[in-house]
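These numbers come from the heavy atoms of this one structure, side chains and all, not from hydrogens, waters or symmetry mates. This one's a predicted model, so the numbers in the text were calculated from it and none came from an experiment. Residue numbers begin at 1 in each chain, while the letters A, B, ... track the order of the sequences.
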Amino acid sequence: MSDPKIRVRFAPSPTGFLHVGGARTALFNWLYARKVGGEFVLRIEDTDQERSTEESYAAILRGMEWLGLDWDEGPGAGGDCGPYLQSERLDIYREHIDALRTDGKLYPCYCTSEEIKGRNLAKGEDAFAGYDGHCRELTTEQRSAYEAEGRDPSWRLRTPDQDSTFWYDIVYDKKEFPNSSLTDRVVLKKDGFPTYNFAVVVDDHLMGISHCLRGDDHVSNTPFQIHVYQALGWTPPKFGHMPMILGPDRKRLSKRHGATSVEEFAGMGYLPDAMVNYLALLGWSAGGSGDEVFARTELIKKFSLKKVNSSPAAFDYDKLNHINAQHLKRLEPAGRLRLVEPMLAERGWELDPAWLVPAATTSDYLGRVLNLLGGRFSNLLRVPEQIGFFFSDDFAVEAEASAEHLAGEETKTWLTGLAAKIEAAAPVDQAASVEIYDEAVRAFAEELDIKAGDLIHPCRVALTGTTRSAGIFEVMELIGAPRTVARLRGAAAQ
RNA sequence: GUCCCCUUCGUCUAACGGUUAGGACACCGGCUUUUCAAGCCGGCAAUACGGGUUCGAUUCCCGUAGGGGAUGCCA
């Protein structure tokens, strides 16, 4: 109660779509905030003028919304610490840059990155060996000389060479870097924009962020940022670095592994809840043994930063598919209906009273169909093909199924005979029940002296076009006697 | 090159220094049977390697190997 407010943030840069790695980082922040009753801030880090785009910004918001990760402060949500776009906070950064400059903690650097690389190479070092401190101790005359050449400086923070910098990471525990391995990084670019490493510190501090939870790729930025906090006279927040997500081959997750943006997953028929559930399982576990399929509320209840582990995790579609199927199966009938109804509208599928089925409206009918199919759905994208034959006679018949079960002349006679039996048994003006079909089929099988299955298998193909379906008598009930009879005759006539 | 990190079944992971190293996905088998799923039951499968410390290491330390990250006026 007396603890200072827990505030976390997700701070993507709008230079691409919302990547699953970023989404997972956002998710852990969100889960933590929701778990402890803290606040979740969304901030857009668009200090890279060249790469930041409006499209990307919009795509990231869409991705967050699709996942259902709502933010308490940020674009569209308001808040007392705005603006939440770094490009709109330039005067704030400028103010703190000026303060540091006045304190003599910054120095101008006139080098281009090519010059730095060139010098590293000349010294026999790797080109990426880092900044060599070339402008660190420039005299006033030297600076004037550079200025006279027309060079605009960037500004670097002077960091110590001795001792080391450490912090206690939520995930890694103690992390320590020798200061000798740190270079004086740029905090203010030539274009007047702050660098990420500066803006992130100013914003996290000014926005009252208590826990900075970010990707593992930021670990080695942290010591420099701690020096920025110190230069500004501020106390750093707690840091926690989340493990990376790798591709199935344990290489950095990239396009060649398939989908990497959350919107692609949306388009692939995954449920947001399933995606959230699966992502949470990458680098975190509820511990112990048992079920791993969690509703959002359960996830919040169970989540703990302490259980986030430090090893990178490989993305696994098999498990995602399983989690997705489980979520689809556990959906409330009303929720499932809401998801599927648009698919009907799209295809113009609706109930026809002539079918004589036990439902009054299209929605009722769909409800019964979905109820019958129940746990058979594993992916939203496959739903239309799974329910199509209930609504339309224009459904695909698998060639192999047809060849195996419908080709025989004998079979055709049976189906014709069965059609007549059903026609006789089913009322002409009302829906017939499962029992009527069941009896009709079994009685006819007995009459023919064949196994019920010998009749049932061809029926299934004739009625659904496949060899895989729910109980065939239930299917008959739901497609109705007129269509059942017609499809049996149609198959026999092939 | 330098700095940092990671390593338990194929994959995600659990395990106060003492467990027959547990669960989940995938895979295999069985049950059921009106097919396919689902479900239930069962099975296969791991502590990267080498040294220490310890009565006892998956667990602590060192090294090796493999993988990842950083080393940007990208974030």
Peer 1: When rounded to the nearest Å, what value does the distance between P atoms of B:rG63 and B:rC5 take?
Peer 2: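 After rounding to an integer number of Å, I get 11 Å for this pair.
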Peer 1: How would you label the contact of A:Y172 with the nucleic acid (heavy atoms, under 4.0 Å): base, sugar-phosphate, or nothing?
Peer 2: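 The residue A:Y172 makes sugar-phosphate contact but no base contact.
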Peer 1: How is A:G283 classified with respect to the nucleic acid when contacts are heavy atoms under 4.0 Å: base, sugar-phosphate, or nothing?
Peer 2: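 Sugar-phosphate only.
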Peer 1: Please find out if less than 6.0 Å separates the ring center of A:F239 from that of A:Y172.
Peer 2: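 Aromatic pair excluded; centres sit 6.0 Å or further apart.
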Peer 1: May I ask you to check whether A:F377 and A:H327 place their ring centres under 6.0 Å from each other?
Peer 2: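 Ring centres of A:F377 and A:H327 not closer than 6.0 Å.
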Peer 1: What integer distance in Å separates A:E292:CD from B:rA26:P?
Peer 2: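 Those two atoms, CD and P, are 11 Å apart.
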Peer 1: Over 60° means perpendicular and under 30° means parallel, so classify the ring planes of A:Y278 and A:F315, tilted if in between.
Peer 2: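 Ring orientation of A:F315 relative to A:Y278: perpendicular.
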Peer 1: When both hydrogen-bonding distances must be under 3.5 Å and the geometry is Watson-Crick or G-U wobble, what is B:rC16 paired with, if anything?
Peer 2: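 Per the H-bond distance test, none.
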Peer 1: What is the per-nucleotide protein-contact pattern of nucleotides 66-75 of chain B, from the 5' end, where B denotes a base atom under 4.0 Å from a protein heavy atom, S denotes such proximity for sugar-phosphate atoms only, and - denotes neither?
Peer 2: -SSSSBSBBB
Peer 1: Report the base-pairing partner of B:rU32 (Watson-Crick or G-U wobble, both distances below 3.5 angstrom), or none.
Peer 2: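 Partner of B:rU32: none.
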Peer 1: Would you mind pulling out the nucleotide paired to B:rA21, Watson-Crick or G-U wobble, both distances under 3.5 Å?
Peer 2: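 Checking every strand shown, B:rA21 finds no partner, since no pair has both distances under 3.5 Å.
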Peer 1: Quick test: give all pairs of protein nitrogen or oxygen and nucleotides 31-34 of chain B nitrogen or oxygen below 3.5 Å, distance rounded to 0.1 Å.
Peer 2:
| residue | atom | partner | partner atom | Å |
| --- | --- | --- | --- | --- |
| B:rU34 | O2 | A:R460 | NH2 | 2.4 |
| B:rU34 | N3 | A:I472 | N | 3.4 |

Peer 1: Report the relative orientation of the aromatic rings in A:H405 and A:H457; use parallel for angles under 30°, tilted for 30 to 60°, perpendicular for over 60°.
Peer 2: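 A:H405 and A:H457: tilted rings.
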Peer 1: What's the gap between B:rG39 and B:rG66 when it is taken at their C1' atoms, as a whole Å value?
Peer 2: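 Going atom to atom, C1' in each nucleotide, I get 41 Å.
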Peer 1: May I ask you to check whether A:Y196 and A:H218 show a side-chain donor-acceptor distance below 3.5 Å?
Peer 2: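 Side-chain D/A pair, A:Y196 to A:H218: present.
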Peer 1: What is the base-pairing partner of B:rC3, counting Watson-Crick and G-U wobble geometry with both distances under 3.5 Å?
Peer 2: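 Base-paired to B:rG69.
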Peer 1: Please work out whether the ring planes of A:Y93 and A:F198 are parallel, tilted or perpendicular, with thresholds of 30° and 60°.
Peer 2: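 Rings of A:Y93 and A:F198: perpendicular, over 60°.
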Peer 1: What interatomic distance, in whole Å, is found between C1' of B:rC44 and the corresponding atom of B:rC27?
Peer 2: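 8 Å, rounded to whole Å.
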Peer 1: For atom P, what is the distance between B:rA46 and B:rC9, given to the nearest Å?
Peer 2: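 Their P atoms lie roughly 9 Å apart.
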Peer 1: Ring centroids only, cut at 6.0 angstrom: are A:F303 and A:F28 within range, meaning strictly under it?
Peer 2: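 Judged by ring-centre distance (under 6.0 Å), A:F303 and A:F28 do meet the cut-off.
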Peer 1: Specify the separation, in whole Å, of atom CG of A:L182 and atom C1' of B:rU2.
Peer 2: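 In whole Å, B:rU2 C1' lies 12 Å from A:L182 CG.
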Peer 1: Is the side chain of A:S52 donor-acceptor paired with the backbone N or O of A:D48 at a distance under 3.5 Å, no angle test?
Peer 2: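 It does hold such a pair.
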Peer 1: Using whole Å, what does the distance between atom P of nucleotide B:rA37 and atom CG of A:N379 come to?
Peer 2: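 One finds 17 Å between P of B:rA37 and CG of A:N379, rounded.
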Peer 1: Is A:Q386 near enough to B:rA38 that one of its side-chain N or O atoms lies under 4.0 angstrom from OP1 or OP2?
Peer 2: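 So the side chain of A:Q386 is outside the cut-off, no N or O lying under 4.0 Å from OP1 or OP2 of B:rA38.
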Peer 1: For a ring-ring contact (aromatic ring centres under 6.0 Å, His included) check, start with the C-alpha distance between A:Y146 and A:Y110, then their side-chain angles and the critical distance, and finish with the verdict.
Peer 2: CA-CA 7 Å; A:Y146 276 126; A:Y110 299 89; 5.1 Å; yes
Peer 1: Using the P atoms only, state how far B:rG10 lies from B:rG17, rounded to an integer number of Å.
Peer 2: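 That atom pair is separated by 26 Å.
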Peer 1: So, A:T183 side chain and A:R185 main chain: donor-acceptor pair closer than 3.5 Å or not?
Peer 2: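 Side chain of A:T183 to backbone of A:R185: no pair is present.
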Peer 1: Compare the minimum distances between each of B:rC4, B:rU35, B:rG23 and the side chain of A:T467, then state the nucleotide with the smallest one.
Peer 2: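 Of all the options, the side chain of A:T467 is nearest to B:rU35.
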Peer 1: Hunt down the Watson-Crick or G-U wobble partner of B:rA45, both distances under 3.5 Å, from any strand shown, or write none.
Peer 2: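 Pairing partner, where one exists within any strand: none, as none qualifies.
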Peer 1: Going by an N to O cut-off under 4.0 Å, is there a salt bridge joining A:E446 and A:K421?
Peer 2: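 No salt bridge links A:E446 with A:K421.
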Peer 1: What's the gap between B:rU47 and B:rC12 when it is taken at their C1' atoms, as a whole Å value?
Peer 2: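 Rounded to whole Å, the distance is 16 Å.
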Peer 1: Once you apply the 3.5 Å cut-off to both distances, tell me the Watson-Crick or G-U wobble partner of B:rU53, or none.
Peer 2: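 Paired with no nucleotide.
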Peer 1: If I pick the P atom on B:rG72 and the same atom on B:rC3, what distance separates them, to the nearest angstrom?
Peer 2: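 So the two P atoms sit 15 Å from each other.
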Peer 1: Any strand counts, and the cut-off is 3.5 Å on both contacts for Watson-Crick or G-U wobble. Which nucleotide pairs with B:rA38?
Peer 2: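 Pair assignment: B:rA38 / none.
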Peer 1: For B:rC16 versus B:rG52, give the span between their C1' atoms, rounded off to a whole number of Å.
Peer 2: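 Nearest-Å result for B:rC16 against B:rG52 at atom C1': 23 Å.
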Peer 1: How long is the line joining CG of A:L320 and P of B:rA26, in whole Å?
Peer 2: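 Answer to the nearest Å: 12 Å.
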Peer 1: What's touching nucleotides 14-16 of chain B from the protein side, N or O pairs under 3.5 Å?
Peer 2:
| residue | atom | partner | partner atom | Å |
| --- | --- | --- | --- | --- |
| B:rA14 | O2' | A:G288 | N | 3.4 |
| B:rA15 | OP1 | A:K307 | NZ | 3.3 |

Peer 1: Checking base pairs now: Watson-Crick or wobble, both atom distances under 3.5 Å. What partners B:rA26?
Peer 2: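 Answer to the pairing question: none, since B:rA26 forms no Watson-Crick or G-U pair.
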